[in-house]
Amino acid sequence: MSPNTSFARRTRFAYGLRVSRSFRNGMRQDLRYVEPSTNKAHCKDCFSSMVKLDELVEHDQVVSGKFWLVQKHQANVTFAIYSCSNSNDRYVDSDAMRRLGEVKITVEDPAKVTNPDTYTFTVSFTFGGTELQATAVDDQTQKQAQTSVVFVAE
């Protein structure tokens with residue numbers, strides 16, 4: 001293949017992360033909880049899609065999203081990575097969801113996190129043929145953590 005030739009493929013699944021979101025009407029009541037450190041209502045186990053089902057992705061394409069802490073003084077964050085065979089699913093407990101792995105990142109000085117709404121992370125997926133690389137970056141310190149998920153034929 002020529003170095004000037006690009007390679008793209010359509011995704012067989014949607015890819016994303018398990019997140020907690022601010023609770024809104026229409027969300028599942030059984031996943032609602034109030035975070036004691038902020039007294040805010042959240043919905044846990046939501047699926048945050050980074051790439052849609054049947055989306056065209058280039059080789060080495062990077063897709064990124066911003067995420068926030070939920071708790072004051074939160075010491076670490078685990079971003080669980082999921083694939084989904086149904087583009088309409090909103091929660092990771094669906095039968096169409098499959099957990100692929102996770103990327104964990106430690107907050108450098110959790111005592112300084114007094115407003116979790118302003119403490120951000122950038123999570124990026126890089127698609128490279130037979131694997132997905134996930135990177136989480138603490139936007140305040142630029143520290144990062146990463147993992148790879150190898151795609152296997154089913």
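Under the 4.5 Å side-chain heavy-atom criterion for Ile, Leu, Val, Met, Phe, Trp and Tyr, Phe67 and Val51 are members of the same hydrophobic cluster. When the side chains of ILVMFWY residues are joined at heavy-atom separations under 4.5 Å, either directly or via intervening members, Ile81 and Phe79 end up in a single hydrophobic cluster. If you chain together hydrophobic residues whose side chains sit under 4.5 Å apart, Val103 and Val137 never meet in one group. Both Val123 and Leu100 belong to a single network of hydrophobic side chains, linked directly or stepwise wherever heavy atoms of I, L, V, M, F, W or Y lie under 4.5 Å apart. Linking Ile, Leu, Val, Met, Phe, Trp and Tyr whenever their side-chain heavy atoms come within less than 4.5 Å puts Leu17 and Val63 in one cluster.
Annotation: side chain of Gln140 is not in contact with side chain of Glu108 (no heavy-atom distance under 4.5 Å). Between Lys72 and Tyr119 the shortest side-chain heavy-atom distance does not fall below 4.5 Å. Counting heavy atoms from C-beta outward, Arg98 and Ser83 have side chains that approach closer than 4.5 Å. For the pair Thr120 and Lys66, the minimum side-chain heavy-atom distance is below 4.5 Å. A 4.5 Å side-chain heavy-atom check between Val107 and Phe121 finds at least one atom pair inside the cut-off.
To the nearest 0.5 Å, the span separating OG1 on Thr11 from CG on Leu53 amounts to 5.5 Å.
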When you look at Tyr82 and Arg99, which way does the side-chain contact (heavy atoms from CB on, under 4.5 Å) test go after all the steps?
CA-CA 4 Å; Tyr82 282 81; Arg99 185 176 172 138; 3.6 Å; yes
Could you walk me through whether Thr78 and Glu102 pass side-chain contact (heavy atoms from CB on, under 4.5 Å), step by step?
CA-CA 7 Å; Thr78 299; Glu102 63 186 32; 3.5 Å; yes
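By the side chain to side chain donor-acceptor pair (under 3.5 Å) test, Asp89 pairs with Ser94, sequence neighbours left out. Contacts of Asp30 classified as salt bridge (Lys or Arg N to Asp or Glu O under 4.0 Å), with partners at least two apart in sequence or in another chain: Arg28.
Heavy atoms from other residues, nucleotides or ligands lying under 6.0 Å from CZ of Arg24 number 12 at most. Counting non-hydrogen atoms of other residues, nucleotides and ligands closer than 6.0 Å to CG of Asn76 gives a total above 12.
Of all heavy-atom pairs spanning Val92 and Cys46, the tightest one is CG1-O, 4.0 Å. Closest approach of Arg32 and Val34 over heavy atoms only: NH1-CG2, 3.9 Å.
The residue from Val149, Leu132, Thr135 that alone fulfils the side-chain contact (heavy atoms from CB on, under 4.5 Å) condition with Phe125 is Leu132.
Sorted by first and then second residue, the side-chain hydrogen bond (donor to acceptor under 3.5 Å, both in side chains) pairs involving residues 45-57 (not counting sequence neighbours) form an empty list.
Relative orientation of the Phe13 and Tyr15 rings is perpendicular, given thresholds of 30° and 60° on the angle between their planes.
In this structure, the side chain of His73 engages the main chain of Pro110 through a donor-acceptor pair within 3.5 Å.
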